[in-house]
> 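Here it is: the structure, laid out below.
Every chain is numbered from 1, with letters handed out A, B, ... down the list of sequences. Atom set for the values below is all heavy atoms of this structure, side chains included, hydrogens, waters and symmetry mates excluded. If you're wondering where the values come from, they're calculated on a predicted model, not measured in any experiment.
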Number of protein chains: 2
Amino acid sequence: SVSVRNVSKDYVLGRTIVRALHDVSLEVERSEFISIAGPSGSGKSTLLNLVSAIDSPTTGEVFIDDIPLKSLDDNGLSDLRANKIGFIFQTFNLIPVLSAFENVEFPLLFKRQGSVSKGRVKDVLARVGLHDFMHHRPDELSGGQRQRVAVARALVTDPLIVLADEPTANLDHETGQAVIDLMLEINRSAGTTFIFSTHDPSVMSHARRVVRLVDGRIVAP
Amino acid sequence: SVSVRNVSKDYVLGRTIVRALHDVSLEVERSEFISIAGPSGSGKSTLLNLVSAIDSPTTGEVFIDDIPLKSLDDNGLSDLRANKIGFIFQTFNLIPVLSAFENVEFPLLFKRQGSVSKGRVKDVLARVGLHDFMHHRPDELSGGQRQRVAVARALVTDPLIVLADEPTANLDHETGQAVIDLMLEINRSAGTTFIFSTHDPSVMSHARRVVRLVDGRIVAP
Ligand SMILES: Nc1ncnc2c1ncn2[C@@H]1O[C@H](COP(=O)(O)OP(=O)(O)OP(=O)(O)O)[C@@H](O)[C@H]1O
Ligand SMILES: Nc1ncnc2c1ncn2[C@@H]1O[C@H](COP(=O)(O)OP(=O)(O)OP(=O)(O)O)[C@@H](O)[C@H]1O
Ligand SMILES: [Mg+2]
Ligand SMILES: [Mg+2]
């Protein structure tokens with residue numbers, strides 16, 4: 001489903017080069033539920049960005065369902081992001097002028113099948129405990145409520161692969177558990193592949209596999 | 001040091017009123033190290049915003065060192081924020097065009113004593129593990145690195161009171177522990193008062209007192 005082969009990612013900063021990922025290789029099968037763990041700054045967000053084609057590697061390649069991301073043009077990449085991948089950003093990236101409901105509805109407007117189900121939007125929001133807050137805009141929501149809108153938005157299109165960057169960082173234990181339970185249920189019923197980074201050991205405990213990053217390298221599988 | 005008396009906070013949303021805090025009272029002595037805990041949406045950020053005068057209560061009053069915040073004009077409030085209070089935002093609020101170093105240096109430019117110590121800025125950044133990243137701008141930093149810049153910025157002015165809104169949410173256990181250790185050390189050596197909200201039980205375990213919020217109310221001290 002997802003294949004990362006000898007990927008390195010360098011950032012240029014003035015006259016220095018910051019190597020965020022070094023020769024990273026990873027195979028993720030369809031329907032896996034895997035966690036990426038590692039200290040702050042170890043490269044987790046960078047890796048998720050490369051897998052979702054938000055960014056491209058300096059060297060090495062990423063394949064999704066055997067298609068090399070390098071071979072996709074802008075249309076191909078937009079299509080991939082609209083129809084195959086759901087992404088939960090570490091900084092949420094909600095649209096400030098839209099309500100929670102409208103933010104979650106938004107990706108449905110871009111899916112190939114085109115029909116937007118208001119019921120589905122309400123349902124996903126209710127599953128993350130936000131039924132009573134669906135008309136609030138992001139600046140009228142708490143940090144953890146914004147995070148849950150970002151979660152709902154990534155799940156509403158029923159994507160093949162969900163990439164979640166620290167999806168419970170701003171949540172108390174119980175609320176975070178509800179989010180993970182929802183993801184596990186979708187993984188089991190729809191076969192959706194989940195790749196998520198987290199610092200929380202109790203969230204990690206639900207993953208069938210934990211991939212560890214230290215200083216941009218994968219250590220002991 | 002900090003006195004919250006019968007404070008309520010209402011937000012108006014269209015035709016509804018959202019009561020974020022209901023009749024909250026709290027006394028915090030000089031040099032306390034206290035944690036505010038509670039589920040997502042329970043009112044933690046709202047309470048911290050009222051204590052720091054970023055926002056004002058709908059009813060009730062907040063006092064800092066016996067001065068009612070209501071009695072301060074804009075100059076008095078700016079002076080309070082520049083000289084007495086350090087605030088670590090849940091969403092960091094770093095200045096995008098400045099480097100980590102410049103972001104941390106920034107509050108020193110507004111303090112009454114006026115002398116900016118480059119050494120002090122470097123020292124605080126090193127204490128949160130960011131010595132090698134001080135020239136990165138926020139968009140060149142990981143989520144947890146940005147969080148640590150926000151921490152360093154709040155501590156650099158040696159304020160009397162530090163208000164920290166989930167200061168370790170984006171940090172792995174070890175890095176988060178280093179941040180809490182730094183705060184404990186400052187609390188012991190300088191007598192700085194710390195009031196922080198957190199979802200992390202291990203962070204909470206360092207607090208001498210835990211105040212619990214549920215649905216905007218304080219429950220069982
Ligand atoms: N401008 C606003 N308009 C309407 N409701 C608001 C507004 N700002 C906050 N709220 C509501 O007030 C409640 C308390 O918000 P607050 O940010 O204090 O929660 P919190 O305890 O910090 O949560 P979290 O742990 O998720 O950060 C939430 O239910 C939120 O939806
Ligand atoms: N544009 C950039 N320029 C220079 N360095 C960068 C840039 N973006 C990221 N980095 C560096 O790359 C490294 C990896 O960043 P990344 O965001 O992937 O870490 P992370 O594991 O997600 O950390 P966290 O747990 O704190 O979110 C960090 O040390 C960061 O400073
Ligand atoms: Mg990250
Ligand atoms: Mg909050």
Side-chain angles (χ1 to χ4, degrees), chain A residues 11-16 18 20 37-46 48-49 89-92 99 128-130 132-148 165-166 168-176 178-179 197-202 204 212-216, chain B residues 11-16 18 20 37-46 48-49 89-92 99 128-130 132-148 165-166 168-179 197-202 204 212-214 216:
Chain A
Y11 293 110
V12 181
L13 192 72
R15 281 171 295 171
T16 46
V18 178
S40 172
S42 56
K44 303 178 295 297
S45 297
T46 302
L48 289 174
N49 289 346
F89 294 90
Q90 188 167 4
T91 51
F92 321 152
S99 69
V128 295
L130 293 180
D132 295 350
F133 296 91
M134 61 174 103
H135 302 301
H136 291 230
R137 288 189 317 267
D139 66 338
E140 296 163 338
L141 291 171
S142 77
Q145 289 167 343
R146 289 175 203 159
Q147 185 152 44
R148 286 180 272 158
D165 202 345
E166 299 190 31
T168 63
N170 280 276
L171 303 177
D172 53 286
H173 185 260
E174 221 160 299
T175 313
V179 166
S197 77
T198 183
H199 287 306
D200 189 335
S202 72
M204 244 180 267
R212 294 196 170 273
L213 277 175
V214 176
D215 282 336
Chain B
Y11 292 110
V12 180
L13 194 72
R15 280 170 296 169
T16 48
V18 177
S40 172
S42 55
K44 302 177 296 299
S45 296
T46 302
L48 289 172
N49 289 346
F89 295 89
Q90 187 166 6
T91 52
F92 319 153
S99 69
V128 295
L130 293 180
D132 296 349
F133 296 91
M134 62 175 102
H135 302 302
H136 291 230
R137 287 189 316 267
D139 66 339
E140 296 163 339
L141 290 171
S142 78
Q145 289 167 344
R146 289 175 203 158
Q147 184 151 45
R148 285 180 272 158
D165 202 345
E166 298 190 32
T168 63
N170 281 276
L171 302 177
D172 53 286
H173 185 261
E174 222 160 299
T175 312
Q177 193 57 52
V179 166
S197 77
T198 183
H199 288 306
D200 189 336
S202 71
M204 243 179 267
R212 293 196 171 274
L213 277 175
V214 176

> Would you mind telling me which of T168(B), D132(B), D165(B), L171(B) has the largest number of heavy-atom pairs within less than 4.5 Å of chain A?
L171(B)
> Mind listing the closest non-hydrogen atom pair of R146(A) and T91(B) along with its distance?
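Looks like NH1-CG2, 3.7 Å.
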> Kindly write out the residues that satisfy side chain to side chain donor-acceptor pair (under 3.5 Å) with Q177(B), not counting sequence neighbours, or none if the list is empty.
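Checked Q177(B) against side chain to side chain donor-acceptor pair (under 3.5 Å); matches are D181(B), H206(B).
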> Can you confirm whether V18(A) sits close enough to H136(B) that some side-chain heavy atom of one is under 4.5 Å from a side-chain heavy atom of the other?
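A side-chain contact exists here, since the closest heavy-atom pair is under 4.5 Å.
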> If you count heavy-atom pairs under 4.5 Å with chain A, which of E140(B), Q90(B), H199(B) comes out on top?
H199(B)
> Just by distance, do the side chain of D172(B) and the backbone of S40(A) share a donor-acceptor pair under 3.5 Å?
yes
> Can you say whether R148(B) sits under 4.5 Å from chain A via the side chain, the backbone, both, or neither, judging by heavy atoms?
side chain
> Taking all non-hydrogen atoms of both residues, which atom of N170(A) and which atom of E166(B) are closest, and how far apart?
OD1-OE1, 3.5 Å
> Kindly compute the distance separating CG (L13(B)) from NE2 (H135(A)), expressed to the nearest 0.5 Å.
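If we round to the nearest 0.5 Å, L13(B):CG and H135(A):NE2 are 9.0 Å apart.
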